[in-house]
Amino acid sequence: MIQAERLSCFYRDGANLIKAVNGIDLTIQKGEWVVLTGPNGSGKSTLLRLINGLLVPSEGRLTVAGMDLTNASNREQVKLRVQVVFQNPDAQAIGTTPQEDVAFGLENRGIDRAQMEERIERALHQVGLREKRSASVSELSGGQKQRLAIASCLALEPDCLLFDEATSMLDPAGRRDIYLLARTLWRNGMTVIWATQRLDELLEADRAVVMDAGGIEYDGAPRHLFYDSDVPQRLGWELPPVVKIGCWLRERGIPLPSLPLREEEVAGLLCGLH
Ligand SMILES: Nc1ncnc2c1ncn2[C@@H]1O[C@H](COP(=O)(O)OP(=O)(O)OP(=O)(O)O)[C@@H](O)[C@H]1O
């Protein structure tokens, strides 16, 4: 569904050319859950903004659902089909109430009144905010504001959601809540790119894409990333505790059916060791 070939995006800063995304190849299939990570400034946000048509490729090719994003009218269509949830819960709401906020995006797209009502109702229900539809946005918690941002995206009926470190400003409960909501949307058929700095969120994914300095350093299974590649060391990652335990067991030659990524796998191993 998303295909990048030798894709680049450059920013000009005075005399400097910043190669924010530099010649990457990437294919993401419809219905995938892909975790995107990498250090600050590695190009994650730029890549997401390219994929949803907010930025124009400087070089290379990018297609979304077969539409070439170097073409301006295709970018307008893709902006509807691919929606982004940004980092800051306070910077995304425009309306004073949740229903007004969701309505705003629909009005902008010329959706008629009857359909609008239906979509607002459905989107707020999907994120569990139906009871809050007339509340003041300023009274919502950070997590509820992110739910509202998701509802505004869902009302536009996208088939792909991009989360750009969407939980980094939330408390642990809010973070987990939004993460689980995103997982539910994905299980129901949404294509999701989940950009995060949290390594524990990589452990639950089937596919991890790691960016560094505008390039893709790794694209594949998290198990291989943590146990068999030199990426964690090169990027100076503190390994998640589960992986440290796996490494420790492996170094001591303890036979393992598979190297653990989740707590329950470690628990299973410990039971097997008795
Ligand atoms: N509008 C801009 N103008 C000039 N340079 C920019 C602009 N936006 C981003 N950059 C630069 O492009 C590079 C990639 O930035 P980008 O925000 O895509 O990375 P990121 O991985 O999302 O970082 P972070 O994790 O900090 O959000 C960085 O060097 C950044 O300073």
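Each residue takes its place number in the sequence, starting with 1. Heavy atoms only: backbone and side chains are in, while hydrogens, waters and symmetry mates are out. Both ligands and their constituent atoms are indexed starting at 1 by order of listing.
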- Task: With a 4.0 angstrom cut-off on heavy atoms, strictly below it, pick out the residues next to ligand 1 and order them by chain and number.
- Result: Tyr11, Ile18, Ala20, Pro39, Asn40, Gly41, Ser42, Gly43, Lys44, Ser45, Thr46, Glu165, Gln197

- Message: Taking salt bridge (Lys or Arg N to Asp or Glu O under 4.0 Å) as the cut-off, I'd like each qualifying pair that reaches into residues 29-46, sequence neighbours left out, listed once.
- Response: Glu32-Arg207, Lys44-Glu165

- Item | Connected via hydrophobic side-chain network under 4.5 Å: Leu156 and Val64 | no

- Message: For the backbone of Thr63 and the side chain of Asp68, can you confirm whether one donor and one acceptor N or O come within less than 3.5 Å of each other?
- Response: no

- Item | Partners meeting side chain to side chain donor-acceptor pair (under 3.5 Å) with Asn71 (sequence neighbours left out) | Ser73

- Query: Counting only N and O atoms by type, is there a donor-acceptor contact under 3.5 Å from the side chain of Thr46 to the main-chain atoms of Ala20?
  - Reply: no

- Item | Counterpart residues, side-chain contact (heavy atoms from CB on, under 4.5 Å), relative to Leu54 (two or more places apart) | Arg49, Asn52, Lys79, Phe86

